[in-house]
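Input: a single structure, listed below in structure tokens.
Everything numeric in this text was worked out from a predicted model, so none of it was measured. Note that these values count all heavy atoms, side chains included, but never hydrogens, waters or copies made by symmetry.
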Amino acid sequence: MMRRILAAATAILAMAVGLSVTSASAAQMPVFAGLQTSFADASACAPANEGGVPVVKTTASSSGSASAVALSGIPAGCHDLSLEVFVHDASGTIIASGAGTAAGSLAIGVGTYATTSVATVIARIGGWIFPTEWTAPPPATGPAATCQAINPGGQVRDTATCSVTLSPNGGPPWGHQGSQLWNFTFNVTWDTQPPNSNWTWRVTFDLAQPPFPGFTPQWVGTYSNSGIGLAPGYSCAQLPTLTMQSTSQNVWGGTLEISDGPAPGYFSGQSFCN
């Protein structure tokens with residue numbers, strides 16, 4: 001009889017220990033909603049929803065291409081806890097993520113992502129999952145490409161003026177080495193002719209704007225092997241802004257290749273950024 005009582009007590013103790021382990025571990029399980037529901041009221045820093053609407057709001061730090069997520073509405077009870085952010089596309093794949101410390105409103109740096117690819121953003125605060133109300137940023141404003149006249153001394157001058165037009169080539173992106181490659185042609189025309197032949201033009205592209213796809217390129221190149229190059233003083237760290245300059249006013253544009261990965265193995269042109 002004593003053995004049966006001892007065995008029953010041992011079983012009850014094991015169940016209690018098992019339950020406590022489950023409670024402690026639930027905050028580490030971002031997917032099992034059933035477990036979270038069982039313990040969220042007791043352990044989460046705050047309810048994740050109010051009236052069925054997520055309490056945490058998110059948006060991109062910029063339009064087109066962004067490298068941070070802005071958060072707001074984080075409840076006071078969650079401040080100073082560890083914060084993780086996961087940006088998902090429509091297929092559920094994580095396309096960017098980052099971490100920091102929770103506050104009422106803040107921005108968390110994440111990997112570069114195209115804002116048009118975002119379907120949902122999930123926050124994990126203190127180990128607990130918080131769905132968020134994602135708001136896409138408004139479209140960027142301003143032209144995707146601008147042209148400036150450069151005098152023989154390298155200064156921008158309005159004594160001459162120029163324009164640039166963009167034409168996407170090849171339709172939608174296509175893959176190479178697991179990446180996407182986009183091809184454009186740009187054409188430069190002089191609206192007001194330079195005073196002499198030593199003037200050149202400088203074109204600045206905003207790759208976060210349409211018709212560009214919105215990602216920050218990891219590689220930029222051209223099949224125009226001569227006559228254009230990166231503008232003096234420009235650094236590829238400034239992407240998605242790209243500034244190029246001609247070596248002569250008689251160069252009428254060129255091609256622009258951008259990729260979210262390395263240069264294609266077959267590429268035989270000129271690489272600018274990689």
State the [atom1]-[atom2] distance between [X] and [Y], to the nearest 0.5 angstrom.
X	Y	atom1	atom2	value
I258	Q218	CD1	CD	11.0 Å
T200	N250	OG1	CG	11.5 Å
K57	T132	NZ	OG1	9.0 Å
I129	R124	CD1	CZ	5.0 Å
T204	L242	OG1	CG	8.0 Å
N274	S259	CG	OG	11.0 Å

If you compare all heavy atoms of [X] against all heavy atoms of [Y], which two are closest, and at what distance to 0.1 Å?
X	Y	result
G98	V110	N-CG1, 3.4 Å
W201	S248	NE1-O, 4.0 Å
A60	T115	CB-CG2, 3.5 Å
I122	P131	CD1-CA, 3.9 Å
Q193	W190	NE2-CB, 3.6 Å
P240	T216	CD-OG1, 3.8 Å

**Derivation of the side chain to side chain contact (heavy atoms under 4.5 Å, CB included) call for L106 and L83** = CA-CA 11 Å; L106 75 162; L83 169 65; 4.1 Å; yes
**Message:** Counting C-beta onward and ignoring hydrogens, is there a side-chain heavy-atom pair between C45 and W128 closer than 4.5 Å?
**Reply:**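 No, every pair of side-chain atoms sits at 4.5 Å or beyond.
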**Message:** For E50, give me all partners under salt bridge (charged side-chain N to carboxylate O under 4.0 Å, His left out), at least two apart in sequence or on another chain.
**Reply:**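 If we apply the salt bridge (charged side-chain N to carboxylate O under 4.0 Å, His left out) test to E50, skipping adjacent residues, there are no hits.
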**Under the salt bridge (charged side-chain N to carboxylate O under 4.0 Å, His left out) test, residues paired with E257 that sit two or more places apart** =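 Not a single residue meets the salt bridge (charged side-chain N to carboxylate O under 4.0 Å, His left out) criterion with E257.
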**Request:** Could you state whether L230 and I150 fall into the same hydrophobic cluster, counting links through intermediate Ile, Leu, Val, Met, Phe, Trp or Tyr residues with side-chain heavy atoms under 4.5 angstrom apart?
**Result:**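 They do not share one cluster, since no chain of ILVMFWY contacts under 4.5 Å joins L230 to I150.
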**Request:** Look at the rings of F184 and W182 and say which category their plane angle falls in: under 30° parallel, 30 to 60° tilted, over 60° perpendicular.
**Result:**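 Parallel.
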**Item:** Contacts of Y234 that satisfy ring pair (Phe, Tyr, Trp, His ring centres under 6.0 Å) - sequence neighbours left out
**Value:**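 Applying ring pair (Phe, Tyr, Trp, His ring centres under 6.0 Å) to Y234 gives none.
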**Message:** Would L256 and M244 count as a side chain to side chain contact (heavy atoms under 4.5 Å, CB included) here? Give the steps.
**Reply:** CA-CA 10 Å; L256 184 62; M244 305 176 70; 4.0 Å; yes
**Asked** Listed by chain and number, what are the side chain to side chain contact (heavy atoms under 4.5 Å, CB included) partners of S163, not counting sequence neighbours?
**Response**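 Listed in chain order: T189, D191.
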**Request:** Please identify each residue that fulfils side chain to side chain contact (heavy atoms under 4.5 Å, CB included) with P47, with sequence neighbours left out.
**Result:**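 Once residues adjacent in sequence are excluded, P47 has no partner under the side chain to side chain contact (heavy atoms under 4.5 Å, CB included) criterion.
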**Asked** Is the distance between the ring centroids of F205 and F186 less than 6.0 Å?
**Response**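 They qualify: ring centres under 6.0 Å apart.
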Donor-acceptor pair, distance only, cut-off 3.5 Å: does the side chain of [X] make one with the backbone of [Y]?
X	Y	result
T59	T135	yes
T222	T255	yes
Y113	A68	yes

**side chain to side chain contact (heavy atoms under 4.5 Å, CB included) between T159 and N151, worked out** = CA-CA 9 Å; T159 307; N151 72 8; over 6 Å; no
**Prompt:** Among pairs that include at least one residue of residues 226-266, which meet disulfide (SG to SG under 2.5 Å), considering only residues two or more places apart or in two chains?
**Reply:**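 For residues 226-266: C236-C273.
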**Prompt:** Is there a side chain to side chain contact (heavy atoms under 4.5 Å, CB included) between F130 and I74 once you walk through the steps?
**Reply:** CA-CA 10 Å; F130 281 74; I74 297 176; over 6 Å; no
**Request:** Could you point out which residue of V203, T165, I228 forms a side chain to side chain contact (heavy atoms under 4.5 Å, CB included) with V188?
**Result:**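 With V188 as partner, side chain to side chain contact (heavy atoms under 4.5 Å, CB included) holds for just one option, V203.
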